[in-house]
Amino acid sequence: MEPTFLNDGILLREKYNDYVTLLRGRLSEKRFYHSLAVAKEALRLAQKYGANTEKAFLAGLLHDICKDTPKNEQLQIFSEFGIILSALEESAFKLWHAMSGACYIQNILNIKDADIISAVRYHTTAKAGMSLLEKIIYLADFTSEDRDYEGADEMRKAVDVGLEHAMREALIFTIDDLKQKGMPVHEDTLNAYREIV
Ligand SMILES: [Fe+2]
Ligand SMILES: [Fe+2]
């Protein structure tokens with residue numbers, strides 16, 4: 001099952017069909033659908049906010065490429081490409097796929113575009129000084145059509161009001177959620193938050 005693409009989305013979906021096939025093999029059905037839905041939403045936001053639409057589509061499509069990758073394979077990617085995790089990162093498995101995913105698309109898929117790599121790299125934690133594309137991917141992950149968490153509709157409204165407004169809402173949501181679950185908040189997330197409030 002795939003989300004319905006329109007106009008430019010149909011063309012980009014065809015152009016990157018090899019990546020779609022790769023994702024279908026690497027991800028659960030739910031995550032595969034999510035990846036396409038984020039690509040679609042990232043494209044929409046790029047059109048709305050004047051970002052590069054093709055980069056947005058591609059970064060959205062690939063952002064969770066390592067999300068269903070087993071721990072040992074992700075550790076292997078880290079060691080092969082010299083990624084050293086902080087103590088917090090080591091204990092927060094949910095953060096790994098952003099780092100391993102960025103590494104994977106750069107070194108294995110040979111994607112050389114620094115904007116795309118960094119949008120994948122920071123899609124989970126965010127960071128201070130984010131680019132337009134990084135913000136779009138971070139937010140599309142919250143507002144894609146498959147997401148049904150409590151507050152998703154409010155976040156969809158926020159993203160149509162403005163990117164800065166939505167970033168603030170999304171960061172507050174993330175930090176509250178982590179605190180409620182008793183999980184640590186990554187320094188990059190705190191820095192993003194401090195910059196925007
Ligand atoms: Fe993710
Ligand atoms: Fe995602």
Side-chain angles (χ1 to χ4, degrees), residues 1-3 5 9 13 16 19-20 22-46 51 55-71 73-75 77-78 83 85 88-106 108-109 111 115-127 130-131 133-153 155-156 158-159 163 166-167 169-171 173-175 177-178 181 183-186 188-189 192:
M1 196 166 59
E2 285 189 17
F5 291 104
R13 163 68 184 80
Y16 292 111
Y19 289 150
V20 174
L22 176 71
L23 289 170
R24 194 180 274 122
R26 292 180 62 86
L27 300 174
S28 69
E29 197 179 340
K30 187 169 181 271
R31 188 88 54 203
F32 173 69
Y33 185 91
H34 167 70
S35 299
L36 291 163
V38 172
K40 180 181 171 182
E41 174 69 350
L43 171 62
R44 184 184 79 84
L45 294 176
K55 287 188 191 190
F57 180 93
L58 195 49
L61 183 68
L62 298 173
H63 81 287
D64 272 345
I65 192 161
C66 286
K67 182 83 180 190
D68 293 333
T69 303
K71 239 178 181 175
E73 281 176 42
Q74 292 193 60
L75 284 171
I77 291 174
F78 294 144
I83 308 284
L85 303 189
L88 185 148
E89 286 164 352
E90 231 170 86
S91 69
F93 181 59
K94 270 185 119 178
L95 302 179
W96 289 21
H97 74 287
M99 293 179 277
S100 56
C103 217
Y104 185 97
I105 67 165
Q106 180 176 8
I108 296 166
L109 300 186
I111 289 174
D115 279 351
I116 295 175
I117 295 164
S118 144
V120 172
R121 169 70 184 82
Y122 292 102
H123 86 266
T124 309
T125 55
K127 64 165 186 163
M130 287 170 92
S131 70
L133 188 70
E134 286 164 348
K135 287 176 189 166
I136 284 175
I137 301 306
Y138 182 77
L139 291 170
D141 204 15
F142 281 91
T143 58
S144 59
E145 65 189 39
D146 61 302
R147 299 300 308 271
D148 59 0
Y149 59 91
E150 210 183 318
D153 284 336
M155 208 66 86
R156 289 189 184 103
V159 88
L163 284 185
M167 282 302 300
E169 296 294 307
L171 285 164
F173 178 92
T174 301
I175 292 170
D177 186 54
L178 287 168
K181 290 175 181 157
M183 287 158 81
V185 182
H186 194 283
D188 287 339
T189 311

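Whatever order the structure lists them in is the order used to number ligands and atoms, beginning at 1. Computed over heavy atoms, backbone and side chain alike; hydrogens, waters and symmetry mates excluded.
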If the condition is side-chain hydrogen bond (donor to acceptor under 3.5 Å, both in side chains), which residues does Tyr33 pass it with, not counting sequence neighbours? Glu145
Passing option when Asp153 is tested against Met155, Arg156, Glu150 for side chain to side chain contact (heavy atoms under 4.5 Å, CB included): Arg156
Please enumerate all residues that pass side-chain contact (heavy atoms from CB on, under 4.5 Å) together with Ile175, with sequence neighbours excluded. Lys179, Val185, Thr189, Leu190, Tyr193
Check this for me, if you would: do Arg13 and Glu2 make a salt bridge, where the nitrogen-to-carboxylate-oxygen distance has to be below 4.0 angstrom? yes
Taking atom types as modelled and ignoring hydrogens, do the side chains of His186 and Glu89 form a donor-acceptor contact shorter than 3.5 angstrom? yes
What protein N/O/S atoms are there under 2.8 Å from the Fe ion (ligand 2), waters excluded? His34 NE2, His63 NE2, Asp64 OD2, Asp141 OD1
Who passes side-chain contact (heavy atoms from CB on, under 4.5 Å) against Ser144, sequence neighbours left out? His34, Ala37, Val38, Glu41, Asp146, Arg147
